[in-house]
Amino acid sequence: MEMKKVFMTWVLLAVVGSGMAQKKYHDMEVNEVKGPVKSVTMKNWGKPIVTYISPEGKMECEKMSDAVYDENGYLQSIVTQIGGKRTITHTTFIWENGRVKTQIATRKNKKVITNNVYDDRGILVRQIIETDGNEVTYDFYDIQLDDHGNWTSRKTKVAGIEIIYPRTIQYY
């Protein structure tokens, strides 16, 4: 009888302990940030989009839903809505060495494939975007980093016109 009590106590502790264990998420890598990041704010068509990141590394954004993760906490797919419910995008992620190698976004049966290239510091320096058989390459330069090594501004050229991407990062 005593052995049964010990075994049941062990089972109970194992169940309670597993429920208390925090899962580590890798949404920080999706957002190209590291360190104690609380939020990332960028503009999309002039409107600020704020992505909040929990201490466990899981992101929340008002435009994002239906996040699916693998058993290791790597984001596999999300649904985003831009412009109300009119434009719904399903995005899947392919990971390599802890970074997003490829994103496949499907909107209205049209696929946009984005391949990411990182430098030796883990900073995204190039995106190769393919849609309808056409390929466009965006090289990021003049990348400004904060004290945590996260980019706060970067530039690229689109059709010969320089575009600046600023972002604001808040920390815990």
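Heavy atoms only: backbone and side chains are in, while hydrogens, waters and symmetry mates are out. Numbers for residues simply follow the sequence, beginning at 1.
- Remark: T41 OG1 to Q170 CD distance equals 6.5 Å, nearest 0.5 Å.
- Residues M64 and I104 do not share a hydrophobic cluster, defined by chaining ILVMFWY side chains whose heavy atoms lie under 4.5 Å apart.
- Side chains of I113 and T131 form no contact here, defined as non-hydrogen atoms less than 4.5 Å apart.
- Atom CD1 of residue I161 and atom OG1 of residue T156 lie 12.0 Å apart, to the nearest 0.5 angstrom.
- Under the 3.5 Å distance criterion, with hydrogens and angles disregarded, a donor-acceptor pair is assigned to the side chains of N115 and T102.
- For the pair D27 and G57, the tightest heavy-atom approach, listed with the atom from each and the gap, is CB-O, 3.1 Å.
- When V68, D70, I78 are each tested for a side-chain contact (heavy atoms from CB on, under 4.5 Å) with F93, only one passes: I78.
- Two residues are said to be in side-chain contact when any heavy atoms from C-beta on lie closer than 4.5 Å; I128 and T114 fail this criterion.
- Taking every heavy atom of both residues into account, R167 and E32 meet most closely at NH2-O, 2.8 Å.
- Between the side chain of S54 and the backbone N or O of K58, at least one donor-acceptor pair lies under 3.5 Å.
- No hydrogens or angles considered: nothing links the side chains of T91 and Q103 as a donor-acceptor pair under 3.5 Å.
- Residue Y52 places its OH atom among 12 or fewer non-hydrogen atoms of other residues, nucleotides or ligands, all under 6.0 Å distant.
- Cluster membership for V125 and V158, using ILVMFWY side-chain heavy atoms within less than 4.5 angstrom, is shared.
- The distance from atom CG of N116 to atom OH of Y138, rounded to the nearest 0.5 Å, is 13.0 Å.
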* **Step-by-step side chain to side chain contact (heavy atoms under 4.5 Å, CB included) determination, M42 to I49** => CA-CA 5 Å; M42 293 183 65; I49 302 292; 5.6 Å; no
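- More than 12 non-hydrogen atoms from other residues, nucleotides or ligands lie less than 6.0 angstrom from CD of E135.
- For the residue pair E29 and N31, no side-chain donor N or O sits within less than 3.5 Å of a side-chain acceptor on the partner.
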* Asked: Yes or no on side chain to side chain contact (heavy atoms under 4.5 Å, CB included) for H26 and L75, after CA distance, side-chain angles and deciding distance?
  -> CA-CA 7 Å; H26 298 277; L75 184 63; over 6 Å; no
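- Residues V117 and L124 share a closest heavy-atom pair of O-CD1, 3.5 Å.
- Atom OH of residue Y171 and atom CG of residue D147 lie 8.0 Å apart, to the nearest 0.5 angstrom.
- In the hydrophobic clustering of ILVMFWY residues, with side-chain heavy atoms under 4.5 Å counting as a link, I94 and Y25 come out apart.
- Closest approach of I169 and D146 over heavy atoms only: CD1-OD2, 4.1 Å.
- For the residue pair Q144 and W151, no side-chain donor N or O sits within less than 3.5 Å of a side-chain acceptor on the partner.
- The stretch residues 92-101 participates, sequence neighbours left out, in no side-chain hydrogen bond (donor to acceptor under 3.5 Å, both in side chains) pair at all.
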* To do: For the pair V30 and M59, evaluate side chain to side chain contact (heavy atoms under 4.5 Å, CB included) and give the outcome as yes or no after the intermediate values.
  => CA-CA 9 Å; V30 173; M59 69 177 166; 4.1 Å; yes
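- Under the 4.5 Å side-chain criterion, counting only non-hydrogen atoms from C-beta, T152 is not in contact with N150.
- Taken to the nearest 0.5 Å, the OG atom of S65 stands 8.0 Å off from the CD1 atom of I88.
- A salt bridge does not link D142 with R154: none of the charged nitrogens is closer than 4.0 Å to a carboxylate oxygen.
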* Asked: What do the steps show when you test M28 against I53 for side chain to side chain contact (heavy atoms under 4.5 Å, CB included), and what is the final call?
  -> CA-CA 7 Å; M28 304 231 337; I53 301 174; 3.7 Å; yes
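- A distance-only check finds no donor-acceptor pair linking the side chain of D66 to the backbone of V79 [under 3.5 Å].
- Side-chain atoms of H90 never come within 3.5 Å of backbone atoms of T80 as a donor-acceptor pair (strictly under, hydrogens ignored).
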* Asked: Do Y141 and E162 pass the side chain to side chain donor-acceptor pair (under 3.5 Å) test, and can you show the C-alpha distance, the side-chain angles, and the key distance before you say yes or no?
  -> CA-CA 10 Å; Y141 59 93; E162 187 173 77; 2.6 Å; yes
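- Distance check: Y69 OH to Y74 OH gives 13.0 Å after rounding to the nearest 0.5 Å.
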